[in-house]
Amino acid sequence: MARPGGRSARVQEAVHTAVRELAEEVGRDALTVPLIAARAEVTPSTVYRRWGDLQALLSDVAVERLRPETPPQDLGDLRADLQAWAEQFLDEMASPAGRAYIRDALLGDPDGSNAGQCSAYAAEQIDVILARAADRGETGPGVETVLDHVVAPMMYRILFRPSGHDAAYARLLVTGVLDASA
């Protein structure tokens with residue numbers, strides 16, 4: 001088990017930083033384990049031992065980049081909170097960088113754990129929104145219902161219908177799930 005803040009954490013941070021910097025400098029397709037290792041000041045064997053291959057490393061970096069950095073915005077109303085979150089989620093995931101992270105997270109994920117982690121991130125954000133609403137006395141759908149009726153259709157469109165993603169679509173999905181649960 002890795003010690004928090006120990007060598008393992010420092011190696012992970014250095015390698016993740018190297019991946020992000022090099023992807024911007026030379027492009028994702030030019031990345032190699034030796035190039036990343038040199039930038040991170042570790043040996044290629046360190047990278048291979050920890051991640052196995054380049055795709056698994058890119059997947060790990062993608063999952064970390066898909067982690068929300070802040071709690072969802074609190075606008076004081078379930079509909080407003082969920083709409084703001086859904087609009088931001090759609091905007092971020094449908095962006096070229098978001099699509100690349102989604103692709104990388106899934107491609108280096110033979111057992112589905114990274115996909116599950118990304119789903120957990122969305123579920124955690126939705127849970128915060130729904131808990132705030134409940135604290136205000138508002139009723140709404142459950143987390144799984146929002147995942148099924150808001151997140152899943154957005155992800156389908158992002159992956160398989162890569163155009164026409166806008167805030168109006170996110171609002172339509174939120175309105176549908178909230179009206180159905182009312």
Side-chain angles (χ1 to χ4, degrees), residues 1-2 4 9 12 16 19-20 23 28 51-52 55-182:
M1 184 161 126
Q12 179 175 335
H16 278 216
V19 169
R20 290 190 305 269
R28 186 200 168 285
W51 286 279
Q55 191 56 60
L57 170 58
L58 294 176
S59 184
D60 189 47
V61 171
V63 170
E64 187 62 32
R65 297 300 293 167
L66 291 169
R67 178 191 310 266
E69 295 177 357
T70 60
Q73 193 173 6
D74 186 355
L75 300 171
D77 171 75
L78 174 58
R79 184 173 303 269
D81 290 352
L82 198 52
Q83 284 180 344
W85 178 85
E87 289 174 24
Q88 180 180 356
F89 181 86
L90 180 59
D91 185 56
E92 290 175 2
M93 296 297 117
S95 72
R99 279 199 181 115
Y101 288 135
I102 292 167
R103 181 186 68 239
D104 284 341
L106 297 176
L107 284 175
D109 187 29
D111 67 357
S113 61
N114 287 345
Q117 185 59 55
C118 292
S119 177
Y121 294 154
E124 289 165 7
Q125 294 272 294
I126 293 164
D127 188 51
V128 167
I129 292 168
L130 296 177
R132 285 178 187 160
D135 289 347
R136 292 188 298 261
E138 297 176 89
T139 59
V143 172
E144 292 298 319
T145 300
V146 176
L147 287 171
D148 290 345
H149 296 277
V150 177
V151 177
M154 287 193 293
M155 291 304 294
Y156 179 87
R157 292 256 180 148
I158 290 165
L159 293 171
F160 301 112
R161 311 258 337 225
S163 61
H165 309 111
D166 60 14
Y169 178 64
R171 287 190 302 271
L172 177 71
L173 293 173
V174 169
T175 296
V177 76
L178 292 178
D179 288 353
S181 72

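This structure is a prediction, so every number in the text was calculated from the model and none was measured. FYI, the numbering just counts along the sequence from 1.
D104 and R65 are not joined by a salt bridge, as no carboxylate oxygen comes within less than 4.0 angstrom of a charged side-chain nitrogen.
Sorted by first then second residue, the salt bridge (charged side-chain N to carboxylate O under 4.0 Å, His left out) pairs that include residues 166-177, not counting sequence neighbours, are E87-R171. Applying the ring-ring contact (aromatic ring centres under 6.0 Å, His included) rule to pairs touching residues 71-98 yields W85-F89, sequence neighbours excluded. Applying the side chain to side chain donor-acceptor pair (under 3.5 Å) rule to pairs touching residues 126-142 yields D74-R136, D81-R136, R136-E138, sequence neighbours excluded.
L172 is linked by a side chain to side chain contact (heavy atoms under 4.5 Å, CB included) to nothing, counting only residues two or more places apart in sequence or in another chain. Remark: R67 pairs with E64, Y121 by the side chain to side chain donor-acceptor pair (under 3.5 Å) rule, at least two apart or across chains.
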Can you give each donor-acceptor pair under 3.5 Å made by side-chain atoms of residues 143-163, sequence neighbours left out, with the distance rounded to 0.1 Å?
none

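Here CG of D60 is found 6.5 Å from CG of N114. Values are rounded to the nearest 0.5 Å. In this structure, S181 OG and L78 CG are separated by 7.5 Å, a value rounded to the nearest 0.5 Å. Note: C118 SG to I102 CD1 = 8.0 Å, rounded to the nearest 0.5 Å. Here CG of L178 is found 11.0 Å from CG of L173. Values are rounded to the nearest 0.5 Å. Interatomic distance, L90 CG to S95 OG, rounded to the nearest 0.5 Å: 10.0 Å. Remark: L57 CG to H16 NE2 distance equals 6.0 Å, nearest 0.5 Å.
For the pair L75 and Q83, the minimum side-chain heavy-atom distance is 4.5 Å or more. Side-chain contact check for Q117 versus L66: every heavy-atom pair is 4.5 Å or farther apart. In this structure, R28 and R103 have side chains that are in contact, with non-hydrogen atoms separated by less than 4.5 Å.
Scanning all heavy atoms of the two residues, the minimum distance from P71 to Q125 falls at CA-NE2, 4.0 Å. Heavy atoms only, all atoms of each residue included: L82 and V177 are closest at CD2-CG1, 4.4 Å.
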